[in-house]
Amino acid sequence: MYTQSFNVPDDAGKTVQPLKAAEPAELQARFDERIDADGRIEPQDWMPEAYRKTLVRQISQHAHSEIVGMLPEGNWISRAPSLKRKAILIAKVQDEGGHGLYLYSAAETLGTGRDQMLDALHTGKAKYSSIFNYPTLTWADVGVIGWLVDGAAIMNQIPLCRCSYGPYARAMVRVCKEESFHQRQGYEALLVMMQGTQAQKDMVQDAVNRWWWKCLAMFGPPDADSPNSAQGMRWGIKRISNDDLRQKFVDATVPQAQVLGVTLPDPDLKWNEARGHYDYGQIDWDEFWATVNGHGPCNHERLATRVKAHHDGQWVRDAALAHARKQQQRALKEAA
Ligand code: FAQ
């Protein structure tokens with residue numbers, strides 16, 4: 001079974017000693033040394049409380065994003081245009097649920113319980129990605145989420161496969177493989193629509209127009225306004241800054257848009273020969289912060305759906321616990 005809880009050395013055969021049993025200053029020095037050497041920190045290792053807290057914050061927000069991210073596309077499972085598209089969409093949405101589970105497991109290795117994390121989500125205390133607070137109005141939105149939202153997610157998550165915290169980095173390897181299938185299925189669905197009727201092409205363009213800027217904002221505030229970036233980079237949690245990832249995403253996506261035959265809705269988007277990158281226009285950060293702070297178009301609906309799903313699933317958790325208890329009692333009886 002897939003688990004986050006094992007210590008896996010970076011190099012097979014090379015023994016990495018757990019960071020423990022020393023004076024605080026010595027522990028801090030050894031931790032810093034391992035981070036500087038680009039080594040991995042594992043659950044049993046000593047780590048500064050601020051490092052632990054930052055990881056719980058980022059990993060749990062990431063987990064929340066995955067399970068809330070199931071909702072906008074989940075709305076389309078019953079309306080997918082063919083059996084093939086429906087099967088793909090069901091698989092994708094299930095994958096997002098799985099990503100949430102790996103990530104909650106990774107966060108649990110830091111000593112925070114899943115109930116605690118879910119409670120923070122359900123009471124509106126925890127953040128999740130801004131992108132999932134926008135509506136999915138047409139079938140083209142499902143394709144665009146795959147192409148652009150998963151595309152942005154992969155760009156952000158590939159560097160996280162090298163995160164200094166072992167369980168998070170290992171979870172990301174599998175997540176990224178699955179995200180890459182998600183991105184491709186979205187792009188392929190759009191390619192098919194772009195070879196269809198004018199109404200289908202218009203639907204794709206309209207979806208691109210609505211999602212483009214929101215996807216750019218997904219990478220987080222500009223580096224200068226990102227309070228967590230400097231320390232996150234110092235600790236090897238983040239490897240590439242918000243702005244650099246955003247730029248990489250723009251550069252990778254423009255040629256894909258050309259192949260697809262859609263226009264990205266930014267009059268300032270143009271190749272800058274001197275920089276060797278595309279320039280792009282201003283992101284509406286006021287809108288981003290309003291959404292992050294609970295005032296986006298679907299925040300209320302998403303949270304209410306999530307809370308209801310959690311309550312509706314209570315009997316499953318109760319039944320699983322009752323079954324586990326019964327099995328344990330049987331095992332004890334047999335052992336006696
Ligand atoms: N939305 O100082 P920074 C997906 C918050 S998964 C909401 O730059 P940091 C898969 C940030 O938390 C998508 N809040 O913070 C999928 C912080 O608040 P805090 C999720 C945001 O942590 C696809 C504050 O602003 N991916 O899409 C956002 O250094 C399709 C200041 O920001 C991850 O979570 C935002 N967009 O960098 C599923 C990846 N951006 O906590 C279904 C892992 C920033 O101080 C369908 N996370 N904030 O109160 C990360 O890489 C980082 O946490 C960042 C933010 C880059 C998101």
Side-chain angles (χ1 to χ4, degrees), residues 50 53-76 89 92-100 102-103 106-107 120-121 124-134 136 141-163 165 168-169 171-172 175-176 178-183 185-186 211 213-235 237-246 249 283 285 287-296 299 302:
K53 218 170 139 193
T54 292
L55 281 167
V56 171
R57 177 186 66 80
Q58 177 166 328
I59 302 171
S60 65
Q61 285 178 5
H62 194 166
H64 301 330
S65 303
E66 297 282 357
I67 61 167
V68 176
M70 297 167 76
L71 303 175
E73 289 172 295
N75 282 339
W76 279 90
L89 188 56
K92 179 181 192 295
V93 171
Q94 266 178 351
D95 282 354
E96 313 296 0
H99 298 173
Y102 316 150
L103 288 162
L121 172 65
K125 285 188 209 127
K127 291 190 171 71
Y128 59 87
S129 184
S130 50
I131 196 74
F132 302 117
N133 292 303
Y134 299 99
T136 37
D141 289 40
V142 173
V144 168
I145 289 179
W147 174 37
L148 296 179
V149 176
D150 283 282
I154 296 168
M155 196 57 89
N156 166 275
Q157 286 168 191
I158 292 280
L160 293 175
C161 297
R162 293 187 294 113
C163 165
Y165 188 57
Y168 192 27
M172 279 299 109
V175 168
C176 284
E178 292 175 351
E179 298 289 25
S180 118
F181 147 68
H182 298 171
Q183 197 266 357
Q185 65 78 36
W211 288 92
W213 289 105
K214 322 293 185 214
C215 288
L216 293 194
M218 262 179 88
F219 292 93
D223 294 350
D225 304 324
S226 163
N228 302 305
S229 272
Q231 187 60 70
M233 305 264 289
R234 164 75 191 93
W235 277 327
I237 297 172
K238 285 172 93 159
R239 298 287 182 168
I240 305 182
S241 81
N242 297 359
D243 284 332
D244 288 349
L245 284 171
R246 192 168 7 250
F249 175 71
I283 295 166
W285 291 112
E287 204 256 12
F288 167 79
W289 286 117
T291 304
V292 170
N293 291 321
H295 310 295
N299 294 60
R302 297 286 183 248

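Just so you know, ligand 1 is whichever comes first in the structure, and atom 1 is the first atom listed for that ligand. The chain is numbered in sequence order, starting from 1.
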Where ligand 1 meets [X] - atom numbers and elements under 4.0 angstrom, heavy-atom basis:
X	answer
Y168	43 (C)
F219	56 (C)
G69	42 (C), 46 (C)
K238	8 (O), 9 (P), 29 (O), 37 (O)
Q157	6 (S)

Heavy-atom donor-acceptor pair, [X] side chain to [Y] backbone, under 3.5 Å:
X	Y	answer
D243	D223	yes
W76	T136	yes
R302	L71	no
S65	Q61	yes
D244	S241	no

Any carboxylate oxygen within less than 4.0 angstrom of a Lys/Arg side-chain nitrogen, looking at K214 and E287?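 Salt bridge between K214 and E287, a charged N being under 4.0 Å from a carboxylate O: yes.
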Can Y168 and H62 be counted as having a side-chain donor-acceptor contact under 3.5 angstrom?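 Judged by distance alone, the side chains do pair up.
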I'd like the name of whichever of [options] reaches closest to [atom] through any heavy atom.
atom	options	result
atom 27 (O) of ligand 1	F288, F132, W289	F132
atom 49 (O) of ligand 1	K127, Q231, R246	K127
atom 34 (O) of ligand 1	E96, Q58, H62	H62
atom 51 (O) of ligand 1	I131, N156, D223	N156
atom 41 (O) of ligand 1	Q61, K92, E73	Q61

With heavy atoms only and a cut-off of under 4.0 Å, state how [X] meets ligand 1: side chain, backbone, both or neither.
X	value
Y128	backbone
R57	side chain
M218	both
A153	side chain
L160	side chain

Taking N or O atoms only and a 3.5 Å limit, does V149 qualify as a polar contact for ligand 1?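 Checking ligand 1 against V149, no N or O pair falls under 3.5 Å apart.
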Does any N or O atom in S226 lie less than 3.5 angstrom from one in ligand 1, N or O only?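 Yes - when backbone and side-chain N and O of S226 are compared with those of ligand 1, one distance drops under 3.5 Å.
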Before you tell me yes or no, could you show the steps for Y134 and D141 under side chain to side chain donor-acceptor pair (under 3.5 Å), namely the whole-Å CA-CA distance, both residues' side-chain angles and the distance that decides it to 0.1 Å? CA-CA 10 Å; Y134 299 99; D141 289 40; over 6 Å; no
